[in-house]
**Q** 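Sharing a structure, written as C-alpha cells. Questions coming.
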Amino acid sequence: LFTKSATLEVVPANSSQDVIDIPASVWSSSAEFYFVRLSLAKGGGVTVSNNFYWVPSALTVFDWAKTTFVNTPAAKAEKMSGLRELPQAILQATADIEGDAVIIHVANHSKALAFQLAAEAFDESGNLIPMVMWDDDYIELMPEEAAVLSAAVPHSYLGRTLKVRLSGWNVAPWEQNVNLNVKSAAR
C-alpha cells in the first residue's frame with residue numbers, strides 16, 4: 001500500500017500540475033493490476049473529487065504498423081481478467097426519501113473492496129426510470145468505508161412506489177422499495 005499526500009497553495013482554474021510521483025517500486029510486484037485512488041480536498045479537508053483507477057501492470061502494446069484511419073490494433077493487450085476474481089464484498093444499505101430525492105446510505109463492512117457500485121431506480125412494472133440522475137455512480141468503497149448516493153425523482157412519480165437497486169462488480173445486488181408519497185415530496 002502506497003500513500004502520499006501533498007499540499008498545493010493555489011491551483012489556477014483549467015490547469016494541471018504534477019504533484020505526486022508514484023515510485024517505480026510500487027509497480028514492481030507480480031500483481032496483474034493495481035488500484036489507484038486520487039482524492040482532492042480543499043481547505044478544511046472537504047473532499048471535492050475522488051477518482052479511482054485500475055491500472056494493468058503491463059500496458060497494451062500497439063501494432064503501429066497496422067494502424068488504419070479507424071484504429072490501431074493491439075499486438076499484446078493488457079491483462080485485467082483478475083478483476084473477475086475479486087473477493088465478494090458485503091454491503092449494508094438503506095434507502096429513504098427526502099423531499100423529491102431518493103437517498104441511499106451504503107457501507108462496506110467486509111474486508112474486500114466493493115468495486116463499481118451503481119444505483120438505479122425502477123417503476124412498479126420493473127422498468128428503469130431513465131430520468132433519475134444519481135449524484136455519483138460506479139463508485140468504489142474500501143473496507144469500512146461508507147457513502148451516500150442521491151437522486152431527484154421526476155414529479156410524475158409522486159405517490160408511487162419505486163424499487164431502488166444497488167449493484168456492483170463483486171457484490172450481491174441490493175434492492176429496497178421506497179414510497180414517494182405526496183406529503184414527503186412536497187416542498
**Q** Evaluate ring-ring contact (aromatic ring centres under 6.0 Å, His included) for W54 paired with Y34, printing each intermediate quantity in order.
**A** CA-CA 6 Å; W54 46 104; Y34 303 90; over 10 Å; no
**Q** Looking at D135 and S150, would you say the former's side chain and the latter's main chain have a donor-acceptor pair under 3.5 Å?
**A**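 A pair under 3.5 Å: yes.
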**Q** Taking the side chain as every heavy atom from C-beta outward, state whether K66 and T72 have any pair of such atoms under 4.5 Å apart.
**A**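 With C-beta onward as the side chain, the pair stays apart.
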**Q** May I ask you to test the P23-F2 pair for a side-chain heavy-atom distance under 4.5 Å?
**A**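 Yes, close enough: below the 4.5 Å cut-off.
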**Q** Could R165 and F122 be counted as a cation-pi pair, given that NZ or CZ must be under 6.0 Å from the ring centre and within 45° of the axis?
**A**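 Satisfied, under 6.0 Å and within 45°.
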**Q** Got V106 and W174 here, is their nearest side-chain heavy-atom distance under 4.5 Å?
**A**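 Contact flag for V106/W174 side chains = no.
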**Q** Nearest 0.5 angstrom please: K111 NZ to E144 CD, how far?
**A**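 If we round to the nearest 0.5 Å, K111:NZ and E144:CD are 9.5 Å apart.
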**Q** Compare all side-chain heavy atoms of L180 with those of R160 and state whether any distance is below 4.5 angstrom.
**A**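 The answer is no, as the side chains (C-beta and beyond) never meet within the 4.5 Å cut-off.
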**Q** Is the backbone N or O of A31 less than 3.5 Å from a side-chain atom of S57, with the two atoms forming a donor-acceptor pair by type?
**A**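 A pair under 3.5 Å: yes.
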**Q** Between CZ of R37 and OG1 of T3, what distance do you get to the nearest 0.5 Å?
**A**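 So the CZ of R37 and the OG1 of T3 are separated by 10.5 Å.
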**Q** Taking the side chain as every heavy atom from C-beta outward, state whether L117 and L141 have any pair of such atoms under 4.5 Å apart.
**A**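 L117 vs L141: side chains touch.
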**Q** Can you name the closest pair of heavy atoms from A6 and V19 and give their distance?
**A**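 In terms of heavy atoms, the two residues are closest at CB-CG1, 3.4 Å.
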**Q** Taking atom types as modelled, is there a side-chain donor on N177 or T161 under 3.5 Å from an acceptor on the other?
**A**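 No.
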**Q** According to a hydrophobic-cluster definition based on side-chain heavy atoms being under 4.5 Å apart (Ile, Leu, Val, Met, Phe, Trp, Tyr only), do W27 and F33 belong together?
**A**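 In one cluster with W27: F33, no.
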**Q** At what distance, to the nearest 0.5 angstrom, does CG of D137 lie from CD of E120?
**A**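 D137 atom CG to E120 atom CD measures 10.0 Å (nearest 0.5 Å).
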**Q** Are M131 and V153 linked, directly or through other ILVMFWY residues, by side chains that come within less than 4.5 angstrom of each other?
**A**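 Same hydrophobic cluster.
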**Q** Report yes if some heavy atom in the side chain of I139 is under 4.5 Å from a heavy atom in the side chain of L149; otherwise report no.
**A**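 I139 reaches L149 side chain to side chain.
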**Q** Between M142 and F35, is there a shared hydrophobic cluster once you connect ILVMFWY residues whose side-chain heavy atoms come closer than 4.5 Å?
**A**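 Shared cluster, yes.
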**Q** For Q116, is there any backbone N or O sitting under 3.5 Å from a side-chain donor or acceptor partner on E140?
**A**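 Between the backbone of Q116 and the side chain of E140 there is a qualifying donor-acceptor contact (under 3.5 Å).
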**Q** Between D63 and T67 (side chain of the first, backbone of the second, donor and acceptor by atom type, cut-off under 3.5 Å), is there such a pair?
**A**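 Such a contact is absent between D63 side chain and T67 backbone.
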**Q** Does P87 offer a backbone N or O that forms a donor-acceptor pair with the side chain of N170 under 3.5 Å?
**A**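 Yes: the side chain of N170 pairs with the backbone of P87.
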**Q** Where is the tightest heavy-atom contact between Q17 and V10, given as atom of each residue plus distance?
**A**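 Shortest heavy-atom contact: NE2-O, 3.5 Å.
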**Q** Working to the nearest 0.5 angstrom, can you tell me the gap between L8 CG and K42 NZ?
**A**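 Result: 15.0 Å between the selected atoms.
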**Q** Which atom names give the shortest non-hydrogen contact between D96 and H105, and what distance separates them?
**A**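 Here D96 and H105 meet closest at OD2-CD2, 4.1 Å.
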**Q** Using a 6.0 Å cut-off, check whether atom CG of N51 has over 12 heavy atoms from anything other than its own residue.
**A**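 More than 12 heavy atoms, drawn from other residues, nucleotides or ligands, come within 6.0 Å of this atom.
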**Q** Would you indicate whether Y138, at its atom OH, is surrounded by more than 12 heavy atoms from other residues, nucleotides or ligands within a distance under 6.0 Å?
**A**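 No, OH of Y138 has 12 or fewer neighbouring heavy atoms, counting only those of other groups under 6.0 Å.
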**Q** Start with the C-alpha gap between I97 and N179, add the side-chain angles, then the distance that decides, and say whether side-chain contact (heavy atoms from CB on, under 4.5 Å) holds.
**A** CA-CA 8 Å; I97 298 292; N179 187 350; over 6 Å; no
**Q** Any chance you could lay out the side-chain contact (heavy atoms from CB on, under 4.5 Å) test for Q88 and S110, step after step, and finish with the verdict?
**A** CA-CA 8 Å; Q88 187 81 5; S110 65; over 6 Å; no
**Q** With side chains defined as the heavy atoms from C-beta onward, is the minimum distance between D21 and D18 less than 4.5 Å?
**A**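 A side-chain contact is absent here, since even the closest heavy-atom pair is not under 4.5 Å.
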**Q** Can you list the steps and then say if I90 with H109 is a side-chain contact (heavy atoms from CB on, under 4.5 Å)?
**A** CA-CA 7 Å; I90 300 169; H109 294 300; over 6 Å; no
**Q** What I'd like to find out is whether the side chain of V132 reaches to under 4.5 Å of the side chain of P154, using heavy atoms alone.
**A**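 Yes, side chains in contact.
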**Q** Say whether F52 and L86 are linked into one hydrophobic cluster, either directly or through other cluster members, by side-chain heavy-atom distances under 4.5 angstrom.
**A**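 Yes, F52 and L86 fall within the same hydrophobic cluster.
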**Q** What closest approach, in Å, do V171 and A89 show between heavy atoms, and which atom pair accounts for it?
**A**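 Taking V171 first and A89 second, the nearest heavy atoms are CG1-O, 3.6 Å.
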**Q** Give, for atom CG of D123 and atom CG of L128, the distance between the pair rounded to the nearest 0.5 Å.
**A**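 Answer rounded to 0.5 Å: 9.0 Å.
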**Q** Under 3.5 Å, side chain of E32 to main-chain N/O of S81, donor-acceptor pair present?
**A**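 It does hold such a pair.
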**Q** Let me check something: do I129 and V164 share a hydrophobic cluster, defined by ILVMFWY side-chain heavy atoms less than 4.5 Å apart, either directly or through other members?
**A**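 Yes, I129 and V164 fall within the same hydrophobic cluster.
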**Q** Kindly indicate, with the supporting measurements, whether the criterion side-chain contact (heavy atoms from CB on, under 4.5 Å) is fulfilled by I104 and T94.
**A** CA-CA 6 Å; I104 298 176; T94 60; over 6 Å; no
**Q** Using a 3.5 Å distance criterion without hydrogens, assess whether the side chain of N71 forms a donor-acceptor pair with backbone atoms of P73.
**A**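 Not a single qualifying donor-acceptor pair exists.
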**Q** Search all heavy atoms of A93 against all heavy atoms of L166 and return the closest pair with its distance.
**A**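 Residues A93 and L166, closest heavy atoms: CB-CD2, 4.4 Å.
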**Q** Would you say T68's side chain and V70's backbone share a donor-acceptor pair under 3.5 angstrom?
**A**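 At least one qualifying donor-acceptor pair exists.
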